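The model shown is predicted, which means the values in this text are computed figures rather than measured ones. Naming convention: chains lettered A, B, ... in sequence-line order (proteins, then strands); numbering from 1 in each chain.
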Amino acid sequence: MSLRLYDTGTRSVRDFQPRKPGEVGVYLCGLTVQGPPHIGHLRGGVAYDMLIRWLRRTGYNVTYVRNVTDIDDKILVRGEEQGRPWWSIAYENERKLSRDYAALNVEPPTYEPRATGHITEIIDLISELVERGHAYATESGNVWFSVSSWADYGELSNRRPEDMLSSPDTGDKRDSRDFGLWKAHKPGEPEDAAWTSPWGRGRPGWHIECSAMARRYLGDGFDIHGGATDLMFPHHENELAQSRGAGLDFTNFWIHGGLLNLSGTKMSKSLGNTLSVASLGEKGFRPADIRYYLTTGHYRSPLEFSEDLLAEAKTGWERLSNFVHRAAESLGAEATIGGGLSPDFVNAMDDDLNTPAAIAAIHDMAREGNTALDSGNDTAATSSAGGVRAMLDQLGLDPLDPHWEDPGDAKLHGAVDALVKLALEQRAEARARKDYAAADRIRDELAHAGITVKDTPRGPVWTVD
RNA sequence: GGUGGGUUGUCCGAGUGGUUAGGUAACGGCCUGCAAAGCCGUGCACACGGGUUCGAAUCCCGUACCCACCUCCA
């Protein structure tokens with residue numbers, strides 16, 4: 001079976017075929033960096049990371065573009081509120097986003113263009129739309145896309161313009177459903193938030209930057225365009241109208257991810273119910289726990305978030321991680337490299353990236369591996385351990401990936417290891433003379449210091465909580 | 001009002017016209033000095049009402065409820 005993906009454009013699961021054999025162009029709408037990222041945003045990044053990794057595994061050369069929208073109304077408002085340049089806020093949030101993506105082992109895109117760096121491309125595209133009669137400039141220097149000029153408007157989100165609620169803020173548009181391509185500079189707005197254009201000084205509206213940047217880096221037609229489901233309308237609908245209106249093919253597949261819900265409602269900046277990687281870290285959740293949790297649901301389904309659910313996911317992840325560590329200890333880490341993916345895993349991933357089923361396949365193999373380790377069947381254990389590692393690695397979750405190590409850990413680990421071994425030697429002596437009270441006291445004291453000791457057939461091992 | 005998605009066992013979460021999802025929690029067992037980890041077993045789930053079918057949680061019709069989008073949002 002080959003890769004099949006759900007395409008919002010046709011509302012169906014379709015066989016994935018790139019335009020050019022072996023080459024895939026992917027555009028993901030990244031964030032508008034008006035505030036720091038929360039794990040709802042990161043869910044999208046992780047889901048796409050999974051897609052990109054799977055496309056590459058399948059053998060495609062992937063060009064992955066994920067933009068940053070670094071100018072819009074809200075960013076300007078934030079600048080005003082905080083009394084500092086709007087662009088410093090955008091950049092600060094962009095850096096936080098990059099840091100969190102990196103923490104979750106999300107690979108960087110091929111390129112990450114910013115809206116403000118593509119004013120030329122944006123102006124060119126708007127000019128073409130004006131020439132073709134799909135956009136018009138007004139006296140005040142605004143340029144609007146004319147929804148009524150584009151018969152297919154609404155095709156992506158399956159809405160008819162007449163059904164839509166009209167926006168209360170009509171500005172100087174001819175039709176309340178028209179949307180802004182270029183916003184004229186207004187008195188009081190920062191001078192450094194405006195650029196020269198054929199229609200006077202101003203700045204781009206939301207939507208147009210994605211059409212312009214996708215065209216610049218991926219060409220007039222490309223393979224996959226994505227974002228979360230809340231972008232489908234109006235953002236993606238508008239992008240589609242702009243790009244097609246300008247005569248571009250645009251994308252073959254539309255992929256929309258589900259949102260992360262918090263107590264039934266979505267997590268969002270405007271609701272203020274957000275959670276960051278850092279704040280979860282303070283509660284003892286490591287980035288790998290979060291990444292595993294985010295893969296336990298299908299990317300298109302809404303995913304419920306709570307600390308209890310995250311804790312439950314953490315336990316599930318530790319089961320796999322325990323197995324890999326256990327196998328590496330008994331067989332040697334080298335023996336667990338280079339394993340293969342199970343057919344169940346491959347089928348699940350090919351079936352619209354069914355990561356919950358893929359994880360089930362990993363758990364199945366981990367169980368077999370544990371049984372093999374228990375019975376001393378090293379051949380079977382090696383095979384299972386290699387497979388589990390390879391599959392987890394495919395999901396960006398290999399427990400032995402150095403990425404998950406705390407940089408400061410390595411040195412400290414050596415020092416602590418020496419001390420703990422000393423204590424464990426004394427405990428072993430106590431156990432040998434069946435002085436279990438003394439043995440347990442040593443274990444309890446270590447536990448008090450945050451060190452958990454487990455006895456295995458090959459002797460005691462320790463871990464830090 | 002319009003559009004889309006959903007309702008699965010303690011909880012989360014896949015899936016499918018007839019065969020064990022998986023994890024998690026609980027209980028029982030094995031192993032262990034104890035614990036942890038691990039393994040085995042138990043729970044026979046699919047909102048409700050009809051219908052189609054040899055057989056439906058899976059298809060069809062209806063009902064109820066939930067969520068999102070239609071205004072900035074991954």
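One can place CD1 of A:Ile255 at 17 Å from C1' of B:G5, the figure rounded to the nearest angstrom. Summarising the geometry, the separation between CG on A:Leu42 and P on B:A74 is reported as 11 Å, rounded to the nearest angstrom. A:Asp374 places its CG atom 9 Å from the P atom of B:C40, with the value rounded to the nearest Å. The separation between A:Glu329 atom CD and B:G38 atom P is 13 Å, rounded to whole Å. A:Met365 places its CE atom 14 Å from the P atom of B:G23, with the value rounded to the nearest Å. Atom CZ in A:Arg11 sits about 8 Å away from atom C1' in B:U3, given to the nearest Å. If you measure from atom CZ of A:Arg66 to atom C1' of B:A74, you get 11 Å, rounded to the nearest angstrom. As a whole-Å value, the separation of A:Met232 CE from B:A74 C1' is 14 Å.
Near RNA chain B, meaning a heavy atom under 4.0 Å from it, residues 382-389 of chain A has no residue at all. The stretch residues 392-401 of chain A has no heavy atom under 4.0 angstrom from RNA chain B at all. Taken residue by residue, residues 435-443 of chain A places heavy atoms nearer than 4.0 Å to RNA chain B at A:Tyr436, A:Asp440, A:Arg443.
Stem list for RNA chain B (at least 3 consecutive Watson-Crick or G-U pairs, distances under 3.5 Å): B:1-7 with B:64-70, B:26-30 with B:38-42, B:47-51 with B:59-63.
Electrostatic pairing of A:Lys421 and A:Glu425 does not count as a salt bridge here, judged by no charged N lying under 4.0 Å from a carboxylate O. With salt bridges taken as basic N to acidic carboxylate O contacts below 4.0 Å, none links A:Asp72 and A:Lys183.
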I would like to know whether A:Ser211 and A:Ser243 meet side chain to side chain donor-acceptor pair (under 3.5 Å); could you show each step before the answer?
CA-CA 6 Å; A:Ser211 287; A:Ser243 294; 2.9 Å; yes
Before giving the answer on side-chain contact (heavy atoms from CB on, under 4.5 Å), spell out for A:Met50 and A:Tyr48 the whole-Å C-alpha distance, their side-chain angles and the decisive distance to 0.1 Å.
CA-CA 5 Å; A:Met50 227 86 74; A:Tyr48 270 80; over 6 Å; no
For each nucleotide in nucleotides 12-22 of chain B, reading 5' to 3', give B when a protein heavy atom comes within less than 4.0 Å of its base, S when such contact involves only the sugar-phosphate, and - otherwise.
SSSS-----BS
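Taking atom P in both B:G6 and B:A14, one finds a spacing of 10 Å when rounded to whole Å. Going from the C1' atom of B:G23 to that of B:A64 covers 31 Å, rounded to whole Å. Nucleotides B:U52 and B:A57 are separated by 16 Å at their C1' atoms, to the nearest Å. Separation of the P atoms belonging to B:A47 and B:U53 is 23 Å when rounded to the nearest angstrom. Atom name P, nucleotides B:U16 and B:G55: the rounded distance is 22 Å, in whole Å. The separation of B:C46 from B:U20, taken at their C1' atoms, amounts to 16 Å, rounded to a whole angstrom. Spacing of P atoms, B:A74 relative to B:G49, comes out at 42 Å, to the nearest Å. Comparing B:U58 with B:U8, their P atoms sit 14 Å apart, to the nearest whole Å.
Residue-environment remark: CD (A:Glu92) exceeds the threshold of 12 foreign heavy atoms within 6.0 Å.
Comparing A:Asn370 and A:His207 by the nucleotide of RNA chain B that holds the closest heavy atom to each, the one mapping nearer the 5' end is A:Asn370. With RNA chain B read from its 5' end, the first of the two nearest nucleotides for A:Cys29 and A:Leu320 is the one closest to A:Leu320.
Taking only side-chain atoms of A:Asn322, from C-beta outward, the nucleotide of B:C72, B:A74, B:G38 with the closest atom is B:G38. Taking only side-chain atoms of A:Arg427, from C-beta outward, the nucleotide of B:A74, B:A37, B:C34 with the closest atom is B:C34.
Below 30°, between 30° and 60°, or above 60°: for A:His256 and A:His236 the angle between ring planes is between 30° and 60°, a tilted geometry.
For A:Asp152, the side-chain contact (heavy atoms from CB on, under 4.5 Å) partners two or more places apart in sequence, or in a different chain, are A:Trp150, A:Glu155. In terms of the salt bridge (charged side-chain N to carboxylate O under 4.0 Å, His left out) criterion, A:Arg43 has no residue partners (sequence neighbours excluded). Under the side-chain contact (heavy atoms from CB on, under 4.5 Å) criterion, A:Ala313 pairs with A:Tyr292, A:Tyr293, sequence neighbours left out.
A side-chain donor from one of A:Ser140 and A:Asp172 sits under 3.5 Å from a side-chain acceptor of the other. Residues A:His235 and A:Glu239 bring a donor and an acceptor atom of their side chains to less than 3.5 Å of each other.
Under the 3.5 Å distance criterion, the side-chain polar atoms of A:His185 are matched with a main-chain donor or acceptor of A:Glu189. The closest donor-acceptor contact from the side chain of A:Lys314 to the backbone of A:Gly284 lies under 3.5 Å.
Counting non-hydrogen atoms under 4.0 angstrom, A:Gly316 reaches the backbone sugars and phosphates but no base. Within the 4.0 angstrom heavy-atom criterion, only backbone atoms of the sugar-phosphate kind lie near A:Gly30; the bases stay farther away.
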Under 3.5 Å, which donor-acceptor pairs link side chains of residues 369-395 of chain A to any protein atom two or more places apart or in another chain?
residue  : atom : partner  : partner atom : Å
A:Asn370 : OD1  : A:Arg326 : NH1          : 2.5
A:Asn370 : ND2  : A:Ala366 : O            : 3.4
A:Thr371 : OG1  : A:Arg367 : O            : 3.0
A:Asp374 : OD1  : A:Arg326 : NH2          : 2.5
A:Ser375 : OG   : A:Thr371 : O            : 3.2
A:Ser375 : OG   : A:Ala372 : O            : 3.2
A:Asn377 : OD1  : A:Thr379 : N            : 3.4
A:Asn377 : OD1  : A:Ala380 : N            : 3.1
A:Thr382 : OG1  : A:Asp378 : O            : 2.7
A:Ser384 : OG   : A:Ala380 : O            : 3.2
A:Arg389 : NE   : A:Asp398 : OD1          : 3.1
A:Arg389 : NE   : A:Asp398 : OD2          : 3.2
A:Arg389 : NH1  : A:Thr336 : OG1          : 2.9
A:Arg389 : NH2  : A:Asp398 : OD2          : 2.8
A:Gln394 : NE2  : A:Arg53  : O            : 3.1

Would you give me the side-chain donor-acceptor pairs under 3.5 Å for residues 99-110 of chain A, sequence neighbours excluded?
residue  : atom : partner  : partner atom : Å
A:Asn105 : ND2  : A:Gly396 : O            : 3.1
A:Thr110 : OG1  : A:Tyr64  : N            : 2.7
A:Thr110 : OG1  : A:Tyr64  : O            : 3.3

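Cation-pi geometry between A:Arg300 and A:Tyr6 is met: the NZ or CZ atom falls under 6.0 Å from the ring centre, inside 45° of the normal.
With rounding to the nearest 0.5 angstrom, the OG1 atom of A:Thr296 is 6.0 Å from the CD1 atom of A:Ile359.
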Filtered N/O pairs between nucleotides 45-47 of chain B and protein, under 3.5 Å:
none

Any N/O pairs under 3.5 Å between the protein and nucleotides 28-31 of chain B? List them or say none.
none

